[in-house]
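Order of appearance sets the numbers: ligands from 1, and atoms from 1 within every ligand.
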Amino acid sequence: MRSGAVGTSAGVGSGRPHTGRTVGSATVDTSSTPAGAAPVDVLVARLDGGIGLPSYAHPGDAGADLVTTEDVTIAPGERALVGTGIAIALPAGYAAFVHPRSGLGHRLGVSIVNTPGTVDAGYRGEIKVLLVNHDLREPAVFSRGDRIAQLVVQKVERAVFHEVTRLPGSARGDGGYGSTGR
Ligand SMILES: O=c1ccn([C@H]2C[C@H](O)[C@@H](COP(=O)(O)OP(=O)(O)OP(=O)(O)O)O2)c(=O)[nH]1
């Protein structure tokens with residue numbers, strides 16, 4: 001929990017321990033994981049000593065912020081592959097997804113070309129972010145240490161693909177691409 005004028009309260013009526021912070025008369029859930037779920041351990045190698053570990057801005061955030069190791073200016077409509085200075089080893093059965101930050105999209109028109117980027121459990125290289133500046137007029141300017149993306153760690157399934165000649169029916173069928181109307 002961040003320092004500040006926040007308190008810890010016991011859950012009421014849930015029958016289980018519950019941590020929260022009090023904002024006005026409301027209690028805001030500050031648990032960073034679903035009830036009873038332990039956080040997953042992810043090994044991190046810092047490839048750039050001046051860069052910190054990925055970090056969650058708030059309890060309960062899904063994405064841990066990633067920063068750029070370099071100063072970079074992206075011209076309107078251009079893209080740039082940017083290093084984050086970290087490499088990770090995820091447990092088997094997990095992947096990490098590199099998502100854009102909504103604030104950068106709103107403020108600068110910056111997103112990620114291949115959003116979300118997929119970091120495989122077996123990948124040991126530096127996590128990089130392929131930023132794109134969608135703004136038509138203004139360059140996007142980032143300094144070393146600026147937060148450029150967020151990393152969401154998730155469990156993933158491995159599928160076994162079984163070929164069939166005919167798929168089971170469904171309510172949607174092959175409708176898509178606006179088939180339900182506007
Ligand atoms: O935004 C991203 C996306 C991917 N990667 C790294 C981790 C991932 O495990 C690896 C390969 O990514 P992906 O499978 O998307 O790349 P590909 O174009 O299919 O290349 P490859 O042939 O290497 O799989 O690149 C990143 O660092 N950032």
Nitrogen or oxygen contacts under 3.5 Å, ligand 1 side and protein side:
unit_1	atom_1	unit_2	atom_2	d
ligand 1	1 (O)	N114	ND2	3.4
ligand 1	1 (O)	K128	O	3.4
ligand 1	9 (O)	D120	N	3.0
ligand 1	9 (O)	D120	OD2	2.6
ligand 1	27 (O)	K128	N	3.0
ligand 1	28 (N)	K128	O	2.7

Test item: [X] side-chain N/O and [Y] main-chain N/O as donor-acceptor pair under 3.5 Å:
X	Y	value
D71	R144	yes
D135	R137	yes
R46	L53	no
R79	L131	no

State plainly whether one hydrophobic cluster holds both L66 and V42, where clusters connect Ile, Leu, Val, Met, Phe, Trp and Tyr through side-chain heavy atoms under 4.5 angstrom apart. yes
Enumerate the residue pairs fulfilling salt bridge (charged side-chain N to carboxylate O under 4.0 Å, His left out) with a member in residues 113-128, sequence neighbours excluded, ordered by first and then second residue. none
